[in-house]
Amino acid sequence: MSSNVGKTPSMTIQESININMVDLQTQYTKIKAEVDARIQEVLTSGKYINGPAVKDFSEQLANFLAVKHLAPCASGTDALQIALMALGLQPGDEVITVAFTFVATAEVISLLGLKPVFVDVNPHTFNMDVEKLEQAITPKTKCIIPVHLYGQSADMERVMQIANQHQITVIEDNAQAIGADFTFSNGTQHKVGTIGHIGCTSFYPSKNLGCYGDGGALFTNDDVLAQKIKTICNHGQSSRYNYDMVGVNSRLDSIQAAILGVKLSYLNEYIQARQTAADFYDTAFEKVAGIETPHRASYSSHVFHQYTLKVKQGRNELQAALKEKGIPSMIYYPKALHVQNAYNYCGYKMGDLPVTEQLCDQVISLPMHTELSTEQLQYITNHVIACVKQSA
Ligand SMILES: *Cc1c(COP(=O)(O)O)cnc(C)c1O
């Protein structure tokens with residue numbers, strides 16, 4: 001009888017299999033004892049802001065990334081804004097980025113009175129098309145923000161070559177690819193996010209290294225930039241009640257840092273679980289016509305923040321059919337930033353970024369998290385294949 005707990009005879013397979021896009025609760029259950037103990041420690045310490053938990057986690061993450069300086073902050077969006085503020089740019093200066101990303105990447109550029117310049121992406125990696133990067137550079141270009149979309153690095157070797165040639169600063173939006181490794185053509189490896197002048201990440205709960213609230217961080221190997229970043233995060237205060245620049249209030253709180261400390265010790269395991277799920281998907285879809293599995297770039301490992309298929313035809317129908325079978329999916333992103341009303345003022349129109357626009361109509365992200373069972377993966381892949389074949 002006990003094996004039937006929670007399962008009534010009338011329950012269908014799809015109900016009992018209960019597939020989620022992300023599954024943070026099950027993950028928490030497995031590390032509950034450690035996490036709860038660390039939270040309790042912070043609560044009894046009374047050091048809720050900038051406590052030892054924040055310092056410990058910052059050191060732990062800096063070590064993991066092999067980066068010299070790390071500044072925690074309140075979110076990934078804040079991290080990007082603070083990074084740009086640290087560059088001391090002038091209104092109207094141009095910042096090159098992509099339109100196939102989460103809005104935060106472009107939002108902070110606009111907020112600071114800078115001009116977002118969007119370049120198209122590569123149709124296979126979904127990341128900044130380095131072939132189109134150089135044409136977008138003008139005398140006003142001061143910064144490039146590549147986004148490591150879905151968990152795989154942009155071509156950072158080429159980005160840095162171009163940036164260095166033109167003396168342009170590079171900020172990596174690493175909200176989706178923490179823990180990924182980049183391999184240069186000479187064989188040296190670096191953690192993604194530590195290759196540009198500043199790297200930014202997010203600890204939003206569903207990110208690969210997520211806390212149970214909001215959080216973010218900046219990292220850099222540049223001593224001068226590190227000092228500026230830390231000052232800006234703390235109201236621009238250089239010494240007690242002396243303000244050398246306009247700053248913000250952006251902090252990672254001690255409870256979130258304590259949680260992140262526990263989760264960082266599992267990050268490599270979590271990445272492996274994601275990669276195992278991705279391998280299962282890849283193998284199942286290998287010979288299925290009409291869908292393209294994620295391209296694996298030679299220069300980057302893939303930490304699969306998302307597992308994203310390209311469906312040449314009938315993407316929306318596939319999504320609807322999957323939903324009927326109890327399989328959630330997401331479209332990241334259904335509408336590119338260059339054609340959003342908020343960015344009308346930048347002067348772009350439909351047709352300006354053809355690859356980006358096509359991807360908005362073709363991509364679909366399948367459930368991807370650390371807790372997917374083989375049974376669930378089998379159920380998902382069976383139905384994806386059946387739905388694709390049916391519509392062919
Ligand atoms: C999540 C995300 C951000 C913003 O992070 P928040 O912590 O939610 O502010 C920025 N860029 C990308 C690419 C993201 O995925």
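The shown structure was predicted, so the numbers you read here are calculated from the model rather than taken from an experiment. Hydrogens, waters and symmetry mates play no part in the numbers below; they use all other heavy atoms, side chains included. For ligands, and for the atoms within them, numbers begin at 1 and follow the listed sequence.
Below 3.5 Å of separation, one finds no N or O of Val147 facing any N or O of ligand 1. Checked against a 3.5 angstrom limit, the closest N/O atoms of Ser202 and ligand 1 fall inside it. For a threshold of 3.5 Å applied to N or O pairs, the pair formed by Tyr333 and ligand 1 contains no separation below that value. Distances between N or O atoms of Tyr204 and those of ligand 1 include no value under 3.5 Å. In terms of N/O distances under 3.5 Å, ligand 1 is not approached by Asp78.
The closest donor-acceptor contact from the side chain of Asp78 to the backbone of Leu80 lies at 3.5 Å or more, if one exists at all. The backbone N or O of Asp279 lies less than 3.5 Å from a partner atom in the side chain of Thr283, making a donor-acceptor pair. Looking at Asp129, its side chain never comes within 3.5 Å of a backbone N or O of Asp120 through a donor-acceptor pair. A donor-acceptor contact shorter than 3.5 Å is absent between the side chain of His166 and the backbone of Ile168. The backbone N or O of Leu114 sits nowhere less than 3.5 Å from a side-chain atom of Glu94 that would complete a donor-acceptor pair.
For the pair Lys191 and Phe64, the distance from NZ or CZ to the six-membered ring centre is under 6.0 Å and the angle to the ring normal is within 45 degrees.
Less than 4.0 angstrom separates some heavy atom of Ser75 from each of these atoms of ligand 1: 7 (O), 9 (O). Atom numbering of ligand 1 starts at 1 in the shown order; those under 4.0 Å from a heavy atom of Gly76 are 5 (O), 6 (P), 7 (O), 9 (O). Near Thr101, meaning under 4.0 Å from one of its heavy atoms, ligand 1 places the atoms 13 (C).
Residue nearest to atom 12 (C) of ligand 1, selected from Leu149, Asp173, Leu80: Asp173 (by heavy-atom distance). Among Phe100, Phe102, Tyr150, the residue whose heavy atom lies nearest to atom 3 (C) of ligand 1 is Phe102. Proximity annotation for atom 15 (O) of ligand 1: of Gln81, Glu107, His148, Gln176, Gln176 comes nearest, heavy atoms only.
Salt-bridge annotation for Glu292 and Lys312: present, with a side-chain N of the basic residue lying under 4.0 Å from a carboxylate O of the acidic one. Between Lys68 and Asp222, none of the side-chain N atoms (NZ, or NE/NH1/NH2) sits under 4.0 Å from a carboxylate O, so this pair counts as no salt bridge.
Closest to atom 1 (C) of ligand 1, if we only count protein heavy atoms, is Lys207 NZ, 1.5 Å. For atom 9 (O) of ligand 1, the closest heavy atom belonging to the protein is Thr77 OG1, 2.5 Å.
The neighbour count for Tyr241 OH, taken as heavy atoms of other residues, nucleotides or ligands under 6.0 Å away, does not exceed 12.
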